Amino acid sequence: MSQRRAVRSRLERLAREIAKFGAVGAIGFVVNFLVFNICVHGFHLAVVRSGVIATAVAIATNYVGNRYWTYRDCDRSRRSREMSLFLLFSGAGLVIENGILALSHYGFGLASPLADNIAKNVIGLGIGTVFRFWSYRTWVFRAQAVETAESFLASTDAAEARVEARK
């Protein structure tokens, strides 16, 4: 019974983490979408250049949201390491997101505003978001994920010890 509670508790924490990450991501999406379309249609910049600018602005927005809300309980003592890893994985996400835009726009010739927004803000951002969630959770804001796993293992070990003691 206690093992079920431990699993349920772990799943609830993961669900809260995903919800917070998603809320921060939704704000980042709006920032990304607006900056991209302002750069393309307002300033008449090239599509991929606009995508890179928009993604960079969204990355800054998302860092603040993730650091101070989603992962606020994580260790802050190694801020330079955290920032370096965040920028590294965000840069990889930027390449994924805007690589799909470049492939669609220049490779496949799908150059309409709708096609550009779908390639960048639906397909590219979707794949990039999955990558970012995994990498941030695994490498950047690691303490919370490690703590969750350790507490799960400790509670599982304690439950198994109680079962063995009853035998």
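Since the model is a prediction, treat every value here as computed from it, not as a measurement.
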Arg79 side chain near Arg67 side chain, heavy-atom distance below 4.5 Å: yes
Expected output: side-chain Thr55 to main-chain Gly51 donor-acceptor under 3.5 Å: yes
Heavy-atom closest pair, residues Ser90 and Arg132: O-NH2, 3.9 Å
Any side-chain heavy-atom pair of Tyr106 and Val48 under 4.5 Å: yes
Residues, nucleotides or ligands: over 12 heavy atoms within 6.0 Å of Arg49 CZ: no
Co-membership, hydrophobic cluster, residues Phe131 and Ile123, 4.5 Å side-chain: yes
Test item: Phe133 and Glu17 side chains (from C-beta on) under 4.5 Å apart, heavy atoms: yes
Which atom of Cys39 lies closest to which atom of Ile53, heavy atoms considered: SG-CG2, 4.0 Å
Donor-acceptor pair between Asp116 and Ser104 side chains, under 3.5 angstrom: no
Linked, directly or transitively: Ile127 and Leu110 (ILVMFWY side chains, under 4.5 Å): no
Joint cluster assignment, Tyr71 & Ile18, ILVMFWY side-chain distance < 4.5 Å: yes
Residue pair Glu97 / Asn121, side-chain donor-acceptor N/O under 3.5 Å: no
Phe89 and Trp134 aromatic ring geometry - parallel, tilted or perpendicular at 30°/60° bounds: perpendicular
Minimum heavy-atom distance between Ile100 and Gly124, given as atom pair plus value: CD1-CA, 3.7 Å
Check: Ser9/Arg13 side-chain N/O donor and acceptor closer than 3.5 Å: yes
Within-4.5 Å side-chain heavy-atom neighbours: Tyr63 and Met83: yes
ILVMFWY cluster, Leu87 and Val140 together (side-chain gap under 4.5 Å): yes
Cluster link Trp139 to Leu94, ILVMFWY, side chain under 4.5 Å: yes
Short side-chain to backbone donor-acceptor contact, Thr129 and Leu125, under 3.5 Å: yes
Side-chain touch Trp69/Lys20, heavy atoms, less than 4.5 angstrom: yes
Check: Tyr136 ring centroid to Phe86 ring centroid under 6.0 Å: yes
Option from Val122, Val40, Asn37 for which side-chain contact (heavy atoms from CB on, under 4.5 Å) with Asn117 holds: Asn37
Side-chain donor-acceptor contact under 3.5 Å, Lys120 with Asn32: yes
Close side-chain approach of Phe21 and Arg137, heavy atoms under 4.5 Å: no
